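What follows is a single structure, written as structure tokens, with notes after it.
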Amino acid sequence: MKQESPTALHPAEPPDIPTTHAPPPPKQAHGAPPRSRRVWVWLLILAVVAVGAYYFWSRRKPGTDAGGASGAGGQAQKKGFGAIPVVAAKARRGNIPVYYVNLGGVLPIYTVTVKSRVDGQLMDVHYKEGDLVQKGAPLIEIDPRPYEAALTQAEGQLVRDQALLDNARIDLTRYKTLVAQNAIPEQQLATQAALVKQDEGIVKTDQGMIETAKLNVVYSHITSPISGRVGLRLVDPGNIVHATDTNGMLVITQMDPISVLFPLPEDQVPVVLQKLNAGQRLQVDAFDRASDVLLSHGYLATVDNQIDPTTGSLRWRANFDNPGYKLFPGQFVNVRLLVQLKQGVTLAPTATIQRNSQNTYVFLVKPDSTVTVRTVTIGTVEGNDSEITSGLQPGDTIVMTGVDKLTEGTKVAAHLTNDTGSGVPSTSRPLVNGAPIKGNTAGGMKPGQSGGTHKAS
């Protein structure tokens, strides 16, 4: 067999050199990518899926189910509007009251501490603690027997002295006849006339003693001097009471009507005094401590005669009808004195007012359903309403909730409320491009969801 010579090999191909260090790497299949390339492909696929999922979930409105968006914002996005759903209200023209508010205390118009006017043993009590009693109702019985005996004695003394007076008058008439006949001296007649005067004085004294005894008997039967509520009993039956006792036997407090005392700063005094001196009847409302429950309506009655220099305030008294006894003596209440009713002003819900360190503003919804920042000036604030003195006109649509997502020129889908600041959505449809969206009214919103009831702080 003929062998090829070494010179017949390709000049560029080196001769095969056997090695014993490591076997040659196995050959890979034709067209198969290396393992690192497959890992990078899978990482790229996962990244694309993650970005798609994030984009999908970020475009969905919270609170939607598998069927699709539940609010007007979801409806708008389905239609391709891309508007942010917000709850809005319209500025309106109306009236707003001006109140002076302060803390007051309930004080009875009349309070009576019942004391004994006579000395004696307390025999009986005709009331129960906490009872409502009428004027003249019997309350306490003090032993009247000593005073009844004194009355009998005074009446007997009067009968005796009256008889002496009658006899002296008869003698006086007789002496006048005798003096006319010159039978007795005139001095005896004058003495007899003086005796008659003396007996008349004694009879009058006896009559006074009888009246005193009768009065003591009346004082033994104590009755209510006013209509009101009886407090706790201070003296029990069987005790001896005296007219000189410093403590009373019970306290009666008038409950209806009742009054409230409250202070006002001295800079508010001229306004109230001017109206009070002009004969105006100023209404006063009494609320509970939390200012949530209206207890009663009343009217301003009078004013104190000097300003307290330590507080710089003047005390006022308002009287209230209290048939249900919602006002109780010693109770603390929040008093609101109505001093003015502003009529025909521009009002907006307080929840629509936004503030920063520079100014006060609102987000105004323009006819093209975009919002713009509008600076406003606030006047009187009462409850859920604020007076807008400048910056808005009645009928302007302003955003109430959802302002955290808004900037100048943001497109919105506005749900109108009932325009009272309560935040309860009305049956109006969301607005897009200045016109309501056709379909479900108010985006299926319920009170308590976005745009639910808002209470001004």
Side-chain angles (χ1 to χ4, degrees), residues 95-115 130-137 139 223-232 248 250-343 380-383 385:
N95 304 333
I96 188 169
V98 179
Y99 289 100
Y100 288 164
V101 181
N102 213 323
L103 184 67
V106 180
L107 187 70
I109 298 177
Y110 296 107
T111 299
V112 177
T113 300
V114 178
K115 296 182 178 181
D131 278 353
L132 292 170
V133 297
Q134 300 298 321
K135 183 177 181 179
L139 297 177
T223 60
S224 177
I226 62 172
S227 297
R229 187 185 296 274
V230 179
L232 301 179
L250 71 150
V251 177
I252 302 176
T253 300
Q254 182 178 358
M255 299 294 295
D256 184 20
I258 203 167
S259 68
V260 172
L261 289 183
F262 61 96
L264 287 179
E266 56 183 330
D267 56 345
Q268 297 177 353
V269 169
V271 177
V272 182
L273 275 181
Q274 181 181 3
K275 295 180 179 294
L276 189 64
N277 295 334
Q280 295 187 24
R281 200 179 186 195
L282 302 181
Q283 179 178 319
V284 181
D285 297 333
F287 287 79
D288 65 350
R289 225 178 237 204
S291 295
D292 293 333
V293 179
L294 175 62
L295 301 177
S296 183
H297 291 289
Y299 294 94
L300 191 64
T302 187
V303 61
D304 204 353
N305 58 358
Q306 61 180 356
I307 294 177
D308 187 352
T310 59
T311 61
S313 60
L314 184 64
R315 294 196 306 169
W316 303 77
R317 182 195 291 271
N319 292 338
F320 293 80
D321 292 331
N322 193 32
Y325 308 115
K326 293 183 179 180
L327 297 176
F328 213 84
Q331 178 183 3
F332 287 100
V333 294
N334 283 292
V335 180
R336 290 155 53 96
L337 172 63
L338 179 62
V339 294
Q340 184 183 0
L341 181 63
K342 295 183 178 181
Q343 299 180 346
T380 301
V381 178
E382 174 55 34
D385 286 332

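Since the structure is predicted, the reported quantities are computational estimates derived from the model, not experimental observations. Heads up: numbering here begins at 1 and tracks the sequence.
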Query raised in the report: Between E382 and K342, does at least one N-O distance fall below 4.0 Å, as a salt bridge requires?
Result: no
Report task. Decide yes or no for L132 and Y325: does some side-chain heavy atom of the first lie under 4.5 Å from some side-chain heavy atom of the second? Result -> yes
Report task. Show the numbers, then the answer: is there a side-chain contact (heavy atoms from CB on, under 4.5 Å) between I307 and E266? Result -> CA-CA 7 Å; I307 294 177; E266 56 183 330; 3.8 Å; yes
Query raised in the report: Hey, does F287 have a side-chain heavy atom less than 4.5 Å from the side chain of V293?
Result: no
Query raised in the report: Does a side-chain heavy-atom distance below 4.5 Å link I252 with P225?
Result: yes
Query raised in the report: Do W316 and V272 have side-chain heavy atoms sitting under 4.5 Å apart?
Result: yes
**Report entry** Residues that Q343 engages under side chain to side chain donor-acceptor pair (under 3.5 Å), provided they are two or more places apart
**Finding:** none
Query - side chain to side chain donor-acceptor pair (under 3.5 Å) partners of residues 96-115, not counting sequence neighbours, each pair once - result: none
Query raised in the report: Do the numbers put R229 on top of the ring of F328, so that NZ or CZ is under 6.0 Å from the six-membered ring centre and no more than 45° off the axis?
Result: no
Query raised in the report: Under the side chain to side chain donor-acceptor pair (under 3.5 Å) test, which residues partner T253, sequence neighbours left out?
Result: none
Query raised in the report: Of all heavy-atom pairs between N95 and L341, which one has the smallest distance, and what is that distance?
Result: CB-CD1, 4.2 Å
Query raised in the report: V112 versus V114: any side-chain heavy-atom pair under 4.5 Å?
Result: yes
Query - Closest non-hydrogen atom pair between N319 and A301, with its separation - result: ND2-CB, 3.5 Å
Report task. Taking the side chain as every heavy atom from C-beta outward, state whether V303 and L273 have any atom pair closer than 4.5 Å. Result -> yes
**Report entry** From I226 atom CD1 to T223 atom OG1, the distance as rounded to the nearest 0.5 Å
**Finding:** 12.0 Å
Report summary line: Looking only at heavy atoms, the pair that brings A286 and L294 closest together is O-CD1, 3.6 Å
Report task. Starting from the C-alpha separation in whole Å, work towards a yes-or-no answer on side-chain contact (heavy atoms from CB on, under 4.5 Å) for K135 and S227. Result -> CA-CA 5 Å; K135 183 177 181 179; S227 297; 3.8 Å; yes
Report summary line: Taking every heavy atom of L338 against every heavy atom of P97, the minimum-distance pair comes out as CD1-CB, 3.5 Å
**Report entry** Non-hydrogen atoms of V284 and L300 that approach each other most closely
**Finding:** CG2-N, 3.8 Å
Requested in this report: Could you tell me whether a side-chain N or O of T380 sits under 3.5 Å from a main-chain N or O of V98, the two making a donor and an acceptor?
Outcome: no
Query raised in the report: Residues in side chain to side chain donor-acceptor pair (under 3.5 Å) with S259, at least two apart?
Result: R317
**Report entry** Donor-acceptor contact below 3.5 Å, side chain S313 vs main chain D308
**Finding:** no
Query raised in the report: side chain to side chain donor-acceptor pair (under 3.5 Å): which pairs involve residues 268-291, sequence neighbours left out?
Result: Q283-D285, Q283-H297, D285-H297, S291-N334
Report task. State, yes or no, whether a side-chain contact exists between F262 and R315 at a heavy-atom distance under 4.5 Å. Result -> no
Query raised in the report: Sequence neighbours excluded, which residues qualify as salt bridge (Lys or Arg N to Asp or Glu O under 4.0 Å) partners of D131?
Result: none
**Report entry** Trace of the side-chain contact (heavy atoms from CB on, under 4.5 Å) decision for V260 with V335
**Finding:** CA-CA 8 Å; V260 172; V335 180; 3.7 Å; yes
Query raised in the report: Can you find a heavy atom in the side chain of V333 that is under 4.5 Å from one in the side chain of L295?
Result: yes
Requested in this report: State whether the side chain of D256 and the backbone N or O of N322 hold a donor-acceptor pair below 3.5 Å, judged by distance alone.
Outcome: yes
Report task. Report yes or no: does D304 contribute a side-chain atom to a donor-acceptor pair with the main-chain N or O of L314 at less than 3.5 Å? Result -> no
